Amino acid sequence: MLLKFIGYRLLQLIPLLFVVSILVFFVIQLPPGDFITTYVSELENAGIAVSESHIQHLRDRYGLDQPFFVQYASWVQNIIFHGDLGRSFNWAAPVSEVISGRIGITMLIASLTLLFTWAVALPIGIFSAVRQYSVFDYIFTFIGFIGLAIPNFLIALIILFAVFTTTGVSLTGLFSPEFIGEPWSFAKFLDMLPRLWLPVVVVGTASTAALIRVTRAMLLDELQKQYVITARAKGVSEKKLLFKYPVRVAINPLISTIGWTLPTIIGGEIIVSIVLNLPTTGPMLLRALEFQDMYLAGGFLLIISVLTVIGTLISDILLAWLDPRIRFGGVEE
Amino acid sequence: MKIEPNKQQMPGVTPPPENKEKKDEMKQEENYQVATQWQLIWWKFKKHKAAMIAGPLLLLLIFIAILSPFISPTTPGERWSDYRYAPPQKIHFYDSDGGFSFRPFVYDMEQVTDPQTFRRTFEPDTSERHYIQFFTRGETYSFYGLFETNIHLFGLEDSSVPLFLMGSDQLGRDVFTRALYASRVSLSFGFVGIIFTLIIGLVLGGISGYIGGRIDTAIQRLIDLILCIPTIPLWMALAASLPRDWSSIQMYLGMVLIFSAIGWTELARVIRGKVLSLREEDFIMAARLSGATNSRIIGKHLLPGFASYIIVSVTITIPTVILGETALSFLGLGLQPPVVSWGVLLQSAQSFESLAHHPWLLWPAAFVVYAVLMFNFLGDGIRDAADPYK
């Protein structure tokens, strides 16, 4: 049953990925003019003369004079058969190379943020629901609202500013100066760890606040149900009463929302990384967009979209595995 | 109906208080039965204290934003070249000798250069008081193209001395004035954005729910598609591809369209769900049997049924639009100067080194947090009240 479910979901993925790739390619094509024009004008600004034949050679190579779908087909072909996402002009390197050097840290921060969000939001959400309208509940409701209202990048700025003015330490970057540009080593990894908490906490604030609200609301709904009342009437201990079923039902959204939490976290990570100047995909995307290096921007958009789709798929499978009602198609969302 | 045991009172004896309470209760019960849906919503909304406070506070901000040209002491483009990065002036009631003045006053500032660090700072010039007056004459501005005037709500009598309530920026422009003007742009961005979003969401969500079938499936797949591309990078990519030679108005509308084109999915889902559940109700069937047209059924029976949910979605979506615009403009991908929005203003606070020396550049952020917080509280209250029959 579960295998059939997974197979069905995998089949659904193919048209979705197809349309996503068309959309991404559309975004690549959006800026007025094409990147060769930008490239040539930049070279000319730098005082390098570009011959007409060289321009034509580049245009032929990237098929820029072809209609949209022909260009799209060659782009997709290159990705599927050669893993070639095109070339970044800004970095003068293949797109896949530029992205792969950075996406690891982005994904590391995103997954740590997800774990942080769960670890903080779950206990608080459960406690707020059990002690509804207590001082604790009010305090965290208030903090939650504040957390949702302050943009991520602002929290990052304020923390940087506060730490800098009180201790004089600059928390920007992910490594101490002596490790920048060094190859990966265990020492470099250790150096990174204490600097990792800041982006994780900052990126996680908004989703933590949101998740506290969701967990609290779900658990409150669940605790009013008949089976809880029956169990209480039969003398089941409060602890067992809470954790045996209501909490398990209430944490379902945790897993079902991975699909949209992950893109939010990655999006937040991008902006926060720009403020904190982290060597992740955020500053790369911003620079790529500023210079209309669209193959890089589009390639990145495609990769994170695919990762999100896979994340959603995994969350659906987990959910079906956890909750038999979904596996057997009993519950309609 | 309960029978009151002590209904027959001895004449001249006042009824015990609990009797009166019961009568009030009954009266309330009766009111409840005859109240309209919107009355019920209002009664329930009134119980949400945070929302009751947030509503007026939000209206105040909107009011200030609309009147920003009049309320701000100068104009956003006005430069005081001798006062670059000037800190906020302190408003005094007492002078250095302890002399009291009922009318608040400020001191002019003088630039001094630290002989060791060569850092330029400002020192108050306590020789002369500059009183803050109402209805002073300052920079000429055009009030929404209706008339031109130079009267500002408050300012200093001597227009050669600046009044910087929140300091000045790198060009010597008043941060307070700019933040007020930015409120107008940022808030209106939220409202205009939600109108477009609402139109797309209503049409597509309504069609999806009402017609159903293949069109429904197609629209649902479209929503899935948009949801699986991370919003912020997509916003960034689309915003960056807007032509750079566009005018401010075109930029503004282009940004609004980008936000609406991505942001309508949530609203469409809510509307589709509501339409789906209402469509099966008996009163819709009755209307159809009595020959009501589709547009009448939608306008007369369906729309009122989920209007409150639309209001909830709108109140919750506006702050996300405002936050999104702020983030993009902060990164330099959104609205561009000379347009001032909160995000554009925060661009100058981008590096924390600059903040460490000029922390007052963060003031526009306070406006963002204030607006978003108030919208969220209001949305929370409306959400609780939206279904008053619960």
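Note that this is a predicted model, so its numbers are computed, not measured. In what follows, chains are A, B, ... by sequence order, proteins preceding strands, each numbered from 1.
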Problem set entry | Option in A:V20, A:V309, A:L302 with maximal non-hydrogen atom pairs under 4.5 Å from chain B | A:V20

Exercise. Using non-hydrogen atoms and a limit below 4.5 Å, what part of residues 268-281 of chain B faces chain A?
Worked result: none

Exercise. With a 4.5 angstrom heavy-atom cut-off, which part of A:I158 approaches chain B: side chain, backbone, both or neither?
Worked result: side chain

For this session: Please state whether the side chain, the backbone, both or neither of A:L289 comes within less than 4.5 Å of a heavy atom of chain B.
Result: both

Exercise. Is chain B contacted by the side chain of A:F145, its backbone, both, or neither, given a heavy-atom distance below 4.5 Å?
Worked result: both

For this session: Under 4.5 Å, counting heavy-atom pairs only, tell me which of B:P359, B:A239, B:A240 racks up the most with chain A.
Result: B:A240

For this session: Side chain from CB out, backbone as N, CA, C, O: work out which of these in B:P233 comes under 4.5 Å of a heavy atom of chain A, or both, or neither.
Result: both

Problem set entry | Which atoms of B:L234 approach chain A - backbone, side chain, both or neither, heavy atom under 4.5 Å | both

For this session: Can you tell which part of A:F142 gets under 4.5 Å to a heavy atom of chain B, answering side chain, backbone, both or neither?
Result: side chain

Problem set entry | Per-residue contact mode, A:I274 against chain B (heavy atom under 4.5 angstrom) | side chain

Problem set entry | B:Q336 side chain vs B:G332 backbone, donor-acceptor pair below 3.5 Å | yes

For this session: Could you look at B:L323 and say if it's the side chain, the backbone, both or neither that has a heavy atom under 4.5 Å from chain A?
Result: side chain

Seminar exercise, completed: Highest number of heavy-atom pairs under 4.5 Å with chain B among A:F153, A:F300, A:F161 belongs to A:F153

For this session: With A:S273 as reference, evaluate A:T280, A:T106, A:T281 under the side chain to side chain donor-acceptor pair (under 3.5 Å) test and give the passing residue.
Result: A:T280

For this session: Answer with side chain, backbone, both or neither: which region of A:L154 has an atom nearer than 4.5 Å to a non-hydrogen atom of chain B?
Result: side chain

For this session: Find the distance between CD1 (B:I382) and CG (B:L378) and round it off to the nearest 0.5 Å.
Result: 4.0 Å

Exercise. Is any side-chain heavy atom of B:S313 less than 4.5 Å from a side-chain heavy atom of B:E266?
Worked result: no

Exercise. When you look at A:R287 and A:E290, which way does the salt bridge (charged side-chain N to carboxylate O under 4.0 Å, His left out) test go after all the steps?
Worked result: CA-CA 5 Å; A:R287 223 177 110 185; A:E290 275 168 355; over 6 Å; no

Exercise. Can you find a heavy atom in the side chain of B:S186 that is under 4.5 Å from one in the side chain of B:V368?
Worked result: no

Problem set entry | Where at least one partner belongs to residues 369-380 of chain B, residue pairs that pass side chain to side chain donor-acceptor pair (under 3.5 Å), sequence neighbours excluded | B:H48-B:D380, B:D380-B:R383

For this session: Could you tell me whether the side chain of A:S134 and the main chain of A:D137 form a donor-acceptor pair under 3.5 Å?
Result: yes

For this session: Evaluate the side-chain proximity of A:L278 to A:I109: yes if any heavy-atom separation is below 4.5 Å, no if none is.
Result: yes

Exercise. Is there side-chain contact between B:F259 and B:L328, with heavy atoms separated by less than 4.5 Å?
Worked result: yes

Exercise. Of the listed residues (A:G282, A:A297, A:G267, A:A288), which shares the most heavy-atom pairs with chain B below a 4.5 Å separation?
Worked result: A:G267

Exercise. Can you say whether A:I266 sits under 4.5 Å from chain B via the side chain, the backbone, both, or neither, judging by heavy atoms?
Worked result: neither

Exercise. Is it the side chain or the backbone of B:L346 that comes within 4.5 Å of chain A heavy atoms, both, or neither?
Worked result: side chain

Exercise. Chain A heavy atoms under 4.5 Å from B:L362: which part of the residue, side chain, backbone, both or neither?
Worked result: side chain

Exercise. Is any side-chain heavy atom of A:I150 closer than 4.5 Å to a side-chain heavy atom of A:T205?
Worked result: no

For this session: Using distance alone, with no hydrogens and no angle criterion, decide if B:D169 and B:S348 have a side-chain donor and acceptor under 3.5 Å apart.
Result: no

For this session: Give, as side chain, backbone, both or neither, the part of B:F375 having an atom under 4.5 angstrom from any heavy atom of chain A.
Result: neither

For this session: Answer yes if the side chains of A:E269 and A:T113 hold a donor-acceptor pair under 3.5 Å, and no otherwise.
Result: no

